[in-house]
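Note that ligands are numbered from 1 as they come in the structure, with each ligand's atoms numbered from 1 the same way. Keep in mind the model is a prediction, meaning the values are calculated, not measured.
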Amino acid sequence: MKYRAAIVGGGGIAVGHLEALAGMDRIECVAVADVQEERAQKLASTYGIRPYVQYKEMIEREKPDIAVITLPHFLHKEAAVFCAEQGCHVLLEKPMALNTEECDEIIAAVRRSKVTLLVGHTQHYIAENREAKRIMEQNWLGELVMIIDARHTNYFQAQRPRWFLQKELAGGGILTNLGSHSVDKIQWLGGAPIARVRAAVSYEAAEGNVEGSGLVFLENNNGVPATVSQSGYGGAPKDETELIFTKGMIKLHTGQSLWISEGGTYVQVPVEPQEAPFVLQFNDLLNCIETGAEPECSMEYSRSIVAVIQSIYRSHELKEEQTVPM
Ligand SMILES: NC(=O)c1ccc[n+]([C@@H]2O[C@H](COP(=O)([O-])OP(=O)(O)OC[C@H]3O[C@@H](n4cnc5c(N)ncnc54)[C@H](O)[C@@H]3O)[C@@H](O)[C@H]2O)c1
C-alpha cells in the first residue's frame, strides 16, 4: 500500500521531511498547511502538492494516512490530538509537547484512536550515533562511567523563527530545543532513563524570555552521571558527545564524525553511508504502523525527555537537585 502524508506547518524543518518524502516509494505527500499562505503555496508548487492555510481543513479534506506535525511547540498537543482523532498516524516533531500534562493528553488521544505516533527524535537515525550504539552493544570498551555532552551555537541568530524565543510558545530556550537532543542521546546511548538532575541556566539574551545557556548534571537509573553544557550566546560552535568507558572512549561530532579511543589517542572510525535520517525515520514509522510494534521514540519515551527538561528548569529555580517524576 502507498501511504498518503500531509505536512502540518510548512517552516524550516518541513522542507527536510518533504525532501525525504519526495524520494520515497512507500509514501506520497499530498498536501501542506501553513498559516503563512505564501509558505504553503511555495512548498506546494515546489513539491507538486496542495496548499492549505488551515491544517484542520486539510486533514478533514485530504484524510491522509499520516500527518507530519512540524509546528511551533505550543501547538504540538492540539495538532497531535486532532490528527489522531481524525484517524491519522502521526510523526510529531520533538519535543513532544510543552509539558508532561500535554504529553499525557496526546498519549490518551492516540490510544483511544488506535493510531501510531512516533516523535521525531532524529538522533536515533544519524549514522554516527547508530554506529556508536552498535559499538557500545559489543561491550569491548568496558563499563560506561560517564557521558559529556556539549553544544554551543548562536541560538539568537536573526534567521531563527521568533516563537523559539518566547517561553509560552516554545516551552523554553536552548535547553528545550537542543537540550531535548542531548537528553535523548544520554538516555538512548546510556541505555537508561535520567533519574536526577541539578541545573543552572542563564537568561542574558537581548531578546525574548527564554534561557540562553545551561549547565546540567544528570544521573541515570544505573547511576551513570552525565553533563550537558549548552551556550546559545555565540562563540565557537560545538556539538560533541563523549562517552567514557573503563577501557576507552567514544566521541561523536554529531552528524559529522565518530571517534574511538581504546585507551590512547582518538582514532576516527569510518561510518557506512546510509539513507537520510528523515527517510529512516519514516521507514520506522511505517514499520510500526504495519507490525503494531512500539516505536523506539515512543510516546512514553518522548514524554520522559519532556519530564527531564521540566526538571532542569525546576532545579534551576529551586537551586536544588530534582528527582525526575515518572
Ligand atoms: N528534528 C530536528 O532535528 C529538528 C530540527 C529543527 C526543528 N525541529 C522541530 O520542528 C518543529 C518546527 O520547527 P521549525 O524550525 O520548522 O519552525 P518554523 O517556525 O520554521 O516552522 C513552523 C511553521 O508552522 C507554521 N504555523 C504556525 N502556526 C500554525 C498553524 N496554526 N497552522 C499551520 N501552520 C502554522 C508557521 O507559519 C511556520 O511556517 C519544532 O518542534 C522544532 O523543535 C526539529
Seminar exercise, completed: atom 16 (O) of ligand 1 has as its nearest protein heavy atom Ile13 N, 2.9 Å
For this session: Considering only non-hydrogen protein atoms, determine which one is nearest to atom 30 (C) of ligand 1 and report residue, atom name and distance to 0.1 Å.
Result: Val35 CG1, 3.5 Å
For this session: Could you list all the side chain to side chain donor-acceptor pair (under 3.5 Å) pairs where at least one residue sits in residues 192-220, not counting sequence neighbours?
Result: Arg162-Glu207, Glu168-Asn209, Arg196-Glu219, Ser202-Ser213, Ser202-Tyr233, Glu211-Tyr313
Exercise. Side chain, backbone, both or neither: which part of His181 has a heavy atom under 4.0 Å from ligand 1?
Worked result: side chain
Exercise. Using 30° and 60° as the class limits, which term best fits the ring planes of Trp188 and His124: parallel, tilted or perpendicular?
Worked result: parallel
Exercise. Does Glu105 pair with Lys77 as a salt bridge, N-O distance under 4.0 Å?
Worked result: yes
Exercise. Any idea which part of Leu75 is under 4.0 Å from ligand 1, heavy-atom wise: side chain, backbone, both or neither?
Worked result: side chain
Problem set entry | For Ser229 against Leu215, the heavy-atom pair lying closest together | CB-CD1, 3.4 Å
Exercise. Is the shortest distance from a heavy atom of His121 to ligand 1 less than 4.0 Å?
Worked result: no
Seminar exercise, completed: among protein heavy atoms, the one nearest atom 20 (O) of ligand 1 is Gly12 N, 2.8 Å
Exercise. What part of Thr70, side chain from CB on, backbone N/CA/C/O, both or neither, has a heavy atom under 4.0 Å from ligand 1?
Worked result: backbone
Exercise. Hey, is ligand 1 close enough to Tyr55 that some N/O pair sits below 3.5 Å?
Worked result: no
Exercise. In this structure, are over 12 heavy atoms from other groups packed under 6.0 Å from Glu101 atom CD?
Worked result: yes
Exercise. What is the closest protein heavy atom to atom 37 (O) of ligand 1, and at what distance does it sit?
Worked result: Asp34 OD1, 2.6 Å
Exercise. Which residue supplies the protein heavy atom nearest to atom 44 (C) of ligand 1, what is that atom called, and how far is it?
Worked result: Glu93 OE1, 3.1 Å
Problem set entry | Aromatic ring pairing His76/His73, orientation class (parallel under 30°, perpendicular over 60°, tilted between) | perpendicular
Exercise. Of the protein's non-hydrogen atoms, which lies at the shortest distance from atom 41 (O) of ligand 1, and what is that distance?
Worked result: Lys94 O, 2.9 Å
Exercise. Can you find an N or O of Pro72 that's nearer than 3.5 Å to an N or O of ligand 1?
Worked result: no
